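Below: one structure, written as structure tokens.
Quick note: numbers below take in every heavy atom, side chains included, and nothing from hydrogens, waters or symmetry partners. All values derive from a computational prediction rather than experimental measurement.
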Amino acid sequence: MSTNNIHLNPMTPNGTPRVRVRSRRSSSVGRIDLGDTVSGLGTMYESRYSKNAAQQRMRRLADEGRNDIDLLKKMWFSFREVNYRHAWVTPLIIMICSYSAYFTSGNLTESNPLHMFVAISYRVGETDMYAKGIKDIAFIFYYMIFFTFLREFLLDVVLRPLPKWLNVDSKHRSKRIIEQAFYVIYYSFSSPFGLYCMYHSDLWLFRTDTMYKTYPDINNPFLFKVFYLGQASFWAQQACVLALQLEKPRKDHDEMVYHHIVTLLLVWSSYVFHFTKMGLAVYITMDVSDLFLSISKILNYLNSPFTEPVFVFFICVWVYLRHVVNIRILWSVLTEFRTVGNYVLNFATQQYKCWISLPIVFILIFALQAVNIYWLFLIFRILYRILWKGITEDTRSDNEESDDSDSQPETPPSEEIDTKKFQ
């Protein structure tokens, strides 16, 4: 037992020394409030107002119905209650109706109004290339609904038993493990997908000259566009959760809002103005680094002995992808943006790589780098505490501590254990 968790107390009545045992607190690794993740609807903070509202809904359901109108009201209140408890129900209904109407229509071409929602639009002839247009917004909106369903269904149904299987009793840690497990699943899929798209392009290993050599990239391969718009949907869905304040604010809530605003601006501008190769590289740097961040957090919540090694490996991945690669891209904007490929403003040919876009691109990527530097400071502060001070204290904010009173239970002063039991 670590001496940090043992506090010597006065002698017991029979003359033997006794100690007060305090439960082990999670290390700072798991409480790094950084990265690009937000809480799910199913694991969000439940306020006193929301608890009272739930009690009122249950009382309405318990009221005796006297006529058909009352019965319809109870059906409506029942449906609302199911949605409050299981946020994935309504998105599932929307998707079932949409897919059913689309696939049973007999028309799977772009002339079907539903096609723009469920499938990629603007195919160029019989090739594997796809152009861009206003219909892409419909695709992003629809798959925001899809990611809402996927996230809440996994959190509520698939991953909910996970903490019990791992023998985690704390309500707070259980919520966090479930949330981070979802991100491990998502990033384990999106990271290889993005690397696959990069491998089958001329960007492999984050080449920068090809970002400008083939500009403007008006058309993109099918999988490239699926990945790009899918990522846009995922980020937009997360931004909505933040904007609607559906989660309890974290310590770095303002930085998260800033980061999501900058990211969405980068996604939109890189897609509309044909800098998609640059956008793909930025996507990958965020996804791969966040994958290892989520893994290290889960290990920390489990008090695993592998927490520190994985955390150190995560730092190496983070520094390379979020700083070395991003700074290389920033440097290429200053050096290759003007010299590689066409450098002219021509609206007719959609040529926007010019003196106007150069500072805009640089400022957006630099703004993203700025918040990454702030998070890097937090990372190194935790690394310093682990390596030089051996601190394993919980560094969560006050707001998060109030989230669950038993998240880090401590033995009351009166519950002391005689040292003879350990002899």
Side-chain angles (χ1 to χ4, degrees), residues 34-36 187 190-191 194-195 197-199 201-217 220 224 227-228 231-232 235 239 252 254-293 314-345 350-380:
L34 56 85
D36 312 317
Y187 292 129
S190 66
S191 298
L195 290 171
C197 293
M198 175 181 281
Y199 179 77
S201 69
D202 51 6
L203 284 172
W204 184 236
L205 296 180
F206 300 101
R207 287 186 59 180
T208 57
D209 60 324
T210 54
M211 295 178 183
Y212 314 108
K213 188 177 297 183
T214 60
Y215 183 88
D217 296 301
N220 296 116
F224 190 111
F227 175 77
Y228 213 91
Q231 286 280 66
W235 282 94
D252 65 343
D254 293 340
E255 290 79 7
M256 286 281 288
V257 173
Y258 165 83
H259 178 271
H260 279 68
I261 291 175
V262 172
T263 301
L264 290 176
L265 284 175
L266 274 170
V267 170
W268 173 79
S269 60
S270 62
Y271 190 75
V272 172
F273 299 107
H274 312 310
F275 292 100
T276 47
K277 289 184 177 179
M278 188 179 296
L280 176 66
V282 174
Y283 271 146
I284 294 173
T285 60
M286 292 190 292
D287 282 6
V288 177
S289 57
D290 276 339
L291 170 61
F292 291 100
L293 173 60
F314 151 72
I315 293 176
C316 297
V317 174
W318 177 284
V319 170
Y320 174 72
L321 293 177
R322 295 231 180 183
H323 298 283
V324 175
V325 172
N326 279 352
I327 290 174
R328 281 176 52 195
I329 296 175
L330 270 176
W331 180 249
S332 73
V333 174
L334 296 177
T335 58
E336 298 175 327
F337 196 93
R338 290 184 293 255
T339 59
V340 179
N342 297 324
Y343 184 71
V344 63
L345 176 62
Q350 301 187 55
Q351 170 63 254
Y352 307 116
K353 188 164 75 72
C354 61
W355 62 273
I356 299 177
S357 59
L358 190 153
I360 296 175
V361 171
F362 183 86
I363 289 173
L364 286 175
I365 299 178
F366 181 82
L368 191 63
Q369 182 62 206
V371 73
N372 285 337
I373 290 174
Y374 166 75
W375 281 328
L376 183 65
F377 165 75
L378 298 182
I379 292 172
F380 279 128

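The side-chain heavy atoms of Gln369 and Val262, taken from C-beta on, include no pair separated by under 4.5 Å. Side-chain contact between Phe380 and Ile315 is present, with at least one heavy-atom pair separated by less than 4.5 Å. The side-chain heavy atoms of Leu364 and Ser269, taken from C-beta on, include a pair separated by under 4.5 Å. Within the 4.5 Å cutoff, no side-chain heavy atoms of Pro216 are placed close to those of Phe273. Taking the side chain as every heavy atom from C-beta outward, Leu345 and Gln351 never approach each other to under 4.5 Å.
Between the side chains of Thr214 and Lys277, at least one donor N or O sits under 3.5 Å from an acceptor N or O. Trp375 and His259 form no side-chain donor-acceptor contact under 3.5 Å, judged by distance and modelled atom types alone. In this structure, a donor-acceptor pair under 3.5 Å is absent between the side chains of Gln231 and Ser190. Checking Tyr320 against Ser289 by side-chain atom types alone, no donor-acceptor pair falls below 3.5 Å.
With ring centers used as reference points, Phe275 lies under 6.0 Å from Phe337.
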Exercise for review: Test side-chain contact (heavy atoms from CB on, under 4.5 Å) on Phe362 and Leu330 and set out the steps.
Suggested key: CA-CA 6 Å; Phe362 183 86; Leu330 270 176; 3.5 Å; yes

Review point. Taking it one step at a time, do Asp202 and Lys213 satisfy salt bridge (charged side-chain N to carboxylate O under 4.0 Å, His left out)?
Key: CA-CA 10 Å; Asp202 51 6; Lys213 188 177 297 183; over 6 Å; no

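Here the shortest heavy-atom pairing between Tyr212 and Met278 reads OH-CE, 3.5 Å.
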